[in-house]
Structures are given as C-alpha cells and as structure tokens.
Number of protein chains: 2
Amino acid sequence: MESGNFGTLMRGAYVQTFPPQIELVTEGDRSDFLHIVVEGTVEMLASWDNRDTTMAIVRPLGTFILAATIRDAPYLMSARTMEKSRLVLIPSEDVRDTFERDSDFARAVVAELAQCYRASIKNTKNLKLRSSLERLANYILRQQIESEGARVFELDIEKRRLASILGMTAENLSRAIKTLQPYGVKIEGSRVTVSNQKSLLDLAKPTPLIDDPTC
Amino acid sequence: MESGNFGTLMRGAYVQTFPPQIELVTEGDRSDFLHIVVEGTVEMLASWDNRDTTMAIVRPLGTFILAATIRDAPYLMSARTMEKSRLVLIPSEDVRDTFERDSDFARAVVAELAQCYRASIKNTKNLKLRSSLERLANYILRQQIESEGARVFELDIEKRRLASILGMTAENLSRAIKTLQPYGVKIEGSRVTVSNQKSLLDLAKPTPLIDDPTC
DNA sequence: TCTGCCACTTGATAATTATCAATCCTAATA
DNA sequence: TATTAGGATTGATAATTATCAAGTGGCAGA
C-alpha cells in the first residue's frame, strides 16, 4: 500500500502486549478494532448454549475479525490469548477509510478475505465429509508438511484444543490416536512419529481442495 | 458502480439458460467465470472419497465462486442446476480488471465476500455446536421468518437435500421431524405447520450470531 | 387409467461419538 | 523432595447418527 496511508493507519494504531488467557474480544461485541497478531498465539472460540468450540488458532502474522471490521458487524467469535502475546490494534473506522482511499490496500484486504472464506469452506467440507479419525489423520499430515516433511515433529497445541478444533472430545482424540497406531503413527506427549507415510496417506486421502491452505 | 465499467463487464458477459440437473462448474476446475443466478435454483456440492454433501442453495440474485474468481484459484465446490435456470457468466479476468478500476465495485465485492465468509463461519458454528435435531429446529424457524412468520409455510427444497444441508441422512431427517411433533411442528409433504412457536424456540435457542443471515 | 420411478418413511442394527468416573502422568511450586 | 493441579488416558456406558433393507405413496409419462 501507499506509505502515506500506511502511516495514517499506524498513527491510529495501538501495539499492546497481553498476558496469557486474556479475552481480547467477545462474541457478539461490536468490532472496534482490526487485530493483528505480531507475537504469541490467539485462540478463536465460539459458544452456544453452554457449549463451546475452538474455531481456529491465529499465529503471527495473522489477523482476525477482518470481515466484522469491513461490515461493521458484531464479532462471530471470541478471541483469547493462549500465551503472552503482542498485538497491533487498528481502529475499524481507519481500516474502512483506508480501504476507500488506497486500492492496493483494498486489493490486499480482498485477497485476505477471499482466502479466509475459502479456508472456512474447506473446514466445512472437512467436517461434513470426514469422520473424526479421518480428520485427525489429515491434521497430522498437514502438520508434517509444515514441519518440512520430518518423520518426527511436535504438535504445537494441547490435545484438548486439538480435539475441539477437529470437532471431537478429548477422550475420543485419545482413542483416535491409538487407532492410528496400525497406520504407523505414534504420539508420545506432543511428539509425533510417522513411520508409515504411505499407509497414513491411504487412510487420510488428503486433497488440495480441503487440505491445502494456500490453494 | 460506474456505468461505463458496468457496460464493459456486460459486454464480455454471457446470459444463458440451462436445463435442470446440469453441472455448471466442477470442483477442482479453474475458475473462468463469475456466475450470477438470475432465475432458477443452483445447488452447491462438495465431495470427497465417494461421499458428497450439499453446501448451499443459490437463488436469484445470488453469485457463486466469487472468492475463486478473485484469487484465480480452483473451485472448491461443484454447482448444479436444480431446475431450469438462467445465469449470467462474467469472465473472471474482467471481474478482476474491473475490481482494480472501479472502487465502488471493489467495495461491493468486499461486502459480498465478507458476508459469504461470515455465513460460512455461522454454518461451522451450527455444525459444531448443535445436534442435528437442533439444526433442524433452527432451520424451520429461519424458514418461517422468511415466510413472514406464517404459522403454515412450504419447504422450498426436497427433504433429501435438506438432510444433506443440515449434515444428516435422509432417514434421520425423517425421524427428527417426528421428534419435533411434541414441540408443535408438523410436516406433511412440504407443508410445515408450527403450532407451538414458544416450545420450538425453547428447543432451538436461535441466536443472531448463528441464525441471522444479515448480521 | 395404469405403470414405474423415486423420494420418503420405517424398522432393525451397527458404527460413531459423547458422557461420566476413575486414574495416570507431568510439570510447576512449595 | 513432596505436593498438587490440570491435562491426558482408560473403561464402561449412553446417546447420537449412519447403514441397510423393506415398504409406502405420490406423481409423471405411457
């Protein structure tokens, strides 16, 4: 974007460091700020009737509630820091103003939004078309790719959270992990070992149209 | 948008009428055209490993694959006419060009995209936080609202498709409908009668953050 | 009017997933 | 080193959802 517009945006912005387990935004609130995670980890949650679920994990450099900011609509999810995190907060109005003024910025916003939308569609396909075991198998494969294909790598979230992301209970995640043993997957603590890639692929049947975050 | 730009877009566009049950776009294909439904009904589907699911129904005036068009990425869903339908097809490249040139158009595209994204998030919440019975109850309430709150109204899609939209089998939809009888819901053919709104609301617990398509 | 197709329904059963309770393990803290 | 809190696991059971196999019924076309 144009550097003058960037300067305007930044002049109105706050940089702030938050302790762990702080609720940054609450489902249903008005969207006053666009949030950008610069450091740390933020969990996006949704709840209904005393149930709740983890919708996503946001890490640097990720944004959240761009859509609510654009539409000036209430947040659909809550956000909570998982660890000490540093965020940039840009007033929603400034974002909307800059969008009008700077076409490069507008293009970037649209690209980001379209990406988020497609990610959400992929997630829906994952939930509706696959069993929980298949979702876990594909999750492991994706994490492996993000670890440059290493045979052994670390899970970067707690299992209870992973269970919620995958739409299952922590108990069933434990059982699903055992079920994957015959497919050459061993998980000890947060250390994952994939000893039979082929058989895991055979079970998971990953496809870019669900599992490739960049496509 | 500016009328000159609109003219340019339309000069490159096709208007075409399709018979029922025609596959308009196929999951995984490149996105050549932005599609706009002018008349009729289009079903959006996704499939994986011999399973498939209905992701959405598009009616006039609705668009589909805007995000794929913007990102020049493959379609994540297939589209199929449910009845004789008339569509406008605009070459994706023209859409991207006009987006650069016309800031009003750009704003409209972003508003539409943000809306689609939020709809998808709401759908995910619906799927992850509610049982199939609760999803059905809320679906009925939403349809009732779209029928101006009438006590009796018609379902506008087949039950098998409704089941797929709600993420359940046709058999279980049948049973869920019977389960709703004590809550004052009767469905005969496609005619729905809600005789005890209060008790249905009590079960469904609708919230704008999931069930209001405009919020 | 008859016929056949297809959506819908129903019942029986199986698979999947959740819940509850108890225990194990680990890591932080006194 | 001992203590403890909370995540993780396990087992038993229940609830939810899917599958399979017959039916039923309505509607379009012959």
Side-chain angles (χ1 to χ4, degrees), chain A residues 19-21 41 43 47-54 57 80 82-84 126-140 154-181 185-192 203, chain B residues 19-21 41 43 47-54 57 80 82-84 126-140 154-181 185-192 203:
Chain A
Q21 305 301 329
T41 315
E43 181 183 16
S47 67
W48 178 78
D49 190 36
N50 286 329
R51 283 162 254 185
D52 54 49
T53 188
T54 300
I57 305 289
R80 188 165 60 198
M82 288 173 61
E83 53 183 334
K84 193 176 155 200
N126 197 30
L127 286 169
K128 288 182 81 176
L129 292 167
R130 288 174 174 162
S131 72
S132 61
L133 187 66
E134 290 163 340
R135 294 198 293 273
L136 173 60
N138 279 290
Y139 180 86
I140 290 169
E154 300 278 326
L155 292 178
D156 52 5
I157 48 173
E158 284 175 307
K159 291 198 182 124
R160 57 203 310 274
R161 259 174 254 273
L162 174 56
S164 183
I165 289 174
L166 295 177
M168 59 201 296
T169 58
E171 293 94 326
N172 281 331
L173 174 58
S174 262
R175 296 182 187 111
I177 287 172
K178 284 212 290 192
T179 309
L180 285 184
Q181 273 176 15
V185 177
K186 198 158 64 182
I187 305 186
E188 296 157 315
S190 66
R191 176 173 304 274
V192 182
L203 170 68
Chain B
Q21 306 300 331
T41 316
E43 181 182 17
S47 67
W48 178 78
D49 190 36
N50 286 330
R51 283 162 254 186
D52 53 50
T53 188
T54 300
I57 304 289
R80 186 166 60 198
M82 289 173 60
E83 51 183 335
K84 193 177 154 200
N126 197 31
L127 285 169
K128 287 183 81 176
L129 292 167
R130 288 174 173 161
S131 71
S132 62
L133 186 66
E134 291 163 339
R135 294 197 293 273
L136 174 60
N138 279 290
Y139 179 87
I140 290 169
E154 299 278 327
L155 292 177
D156 53 4
I157 49 174
E158 284 174 306
K159 291 197 183 122
R160 58 202 309 273
R161 259 175 254 272
L162 174 55
S164 183
I165 289 174
L166 294 176
M168 59 202 294
T169 59
E171 292 95 326
N172 280 331
L173 174 57
S174 261
R175 295 181 188 111
I177 287 173
K178 285 213 288 193
T179 309
L180 284 184
Q181 275 177 14
V185 177
K186 198 159 62 184
I187 305 186
E188 294 157 314
S190 66
R191 177 174 303 277
V192 183
L203 170 68

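We name chains A, B, ... by the order of the sequence lines, and we start the count at 1 in each one. Because only heavy atoms are used, hydrogens play no part in the values below, and waters and symmetry mates are left out as well, while side chains stay in.
- Residues satisfying the salt bridge (Lys or Arg N to Asp or Glu O under 4.0 Å) criterion with B:D156, sequence neighbours excluded, are B:R59.
- Using a distance-only test at 3.5 Å, with no hydrogens or angles considered, a donor-acceptor pair links the side chain of B:R135 to the main chain of B:R130.
- If you take CG of B:L180 and P of C:dT9, they are 13 Å apart, rounded to a whole angstrom.
- With sequence neighbours excluded, the residues satisfying salt bridge (Lys or Arg N to Asp or Glu O under 4.0 Å) with B:R191 are B:E154.
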Review item, nucleotides 24-30 of chain C N/O atoms under 3.5 Å of protein N/O:
none

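- Protein atom CG of B:N50 is 16 Å distant from nucleotide atom C1' of D:dT19, rounded to whole Å.
- With sequence neighbours left out, the salt bridge (Lys or Arg N to Asp or Glu O under 4.0 Å) criterion links A:E134 to B:R51.
- Annotation: side chain of B:T41 is not in contact with side chain of B:I157 (no heavy-atom distance under 4.5 Å).
- Remark: A:G167, A:M168, A:T169, A:E171, A:N172, A:R175 in residues 164-177 of chain A come within less than 4.0 Å of DNA chain C through at least one heavy atom.
- In this structure, B:L166 and B:L127 have side chains that are not in contact, with every pair of non-hydrogen atoms separated by 4.5 Å or more.
- Between B:I157 atom CD1 and C:dA7 atom C1' there is a gap of 14 Å when expressed in whole angstrom units.
- Within residues 127-139 of chain A, the residues that have a heavy atom under 4.0 Å from DNA chain C are, in order of number, A:S131, A:S132.
- Atom-to-atom, CD of B:Q181 to C1' of C:dT9 comes out at 13 Å; the value is rounded to the nearest Å.
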Quick test: give all pairs of protein nitrogen or oxygen and nucleotides 13-15 of chain D nitrogen or oxygen below 3.5 Å, distance rounded to 0.1 Å.
none

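- In plain terms, the two heavy atoms of A:A176 and A:L133 that are nearest each other are O-CD1, 3.6 Å.
- Atoms NZ (A:K159) and C1' (D:dT9) sit 9 Å apart, rounded to a whole Å.
- Considering only residues two or more places apart in sequence or on other chains, A:T53 meets the side chain to side chain contact (heavy atoms under 4.5 Å, CB included) condition with A:A46, A:M55, A:S164, B:K128, B:L129.
- Here D:dA8 presents its P atom at 10 Å from CG of A:L155, a figure rounded to the nearest Å.
- For residues 164-178 of chain A, no pair satisfies salt bridge (Lys or Arg N to Asp or Glu O under 4.0 Å), with sequence neighbours left out.
- With sequence neighbours excluded, the residues that form a salt bridge (Lys or Arg N to Asp or Glu O under 4.0 Å) with B:R80 are B:E43.
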Show me the protein contacts with nucleotides 26-30 of chain D, counting only N or O atoms at under 3.5 Å.
none

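- Side chains of A:L173 and A:L136 form a contact here, defined as non-hydrogen atoms less than 4.5 Å apart.
- By the 4.5 Å heavy-atom criterion applied to side chains, B:N126 and B:Y139 are not counted as neighbours.
- For the atom pair CG of A:L155 and CD1 of A:I187, the computed distance is 5.5 Å after rounding to the nearest 0.5 Å.
- With axes fitted over five pairs at each extremity, the angle between the ends of the helix from C:dT1-D:dA30 to C:dA30-D:dT1 is 30° (10° resolution).
- A 4.5 Å side-chain heavy-atom check between A:K159 and A:I177 finds at least one atom pair inside the cut-off.
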request  = Please test B:R161 against B:M82 for side-chain contact (heavy atoms from CB on, under 4.5 Å), starting from the C-alpha separation and ending with a verdict.
outcome  = CA-CA 11 Å; B:R161 259 175 254 272; B:M82 289 173 60; 3.4 Å; yes
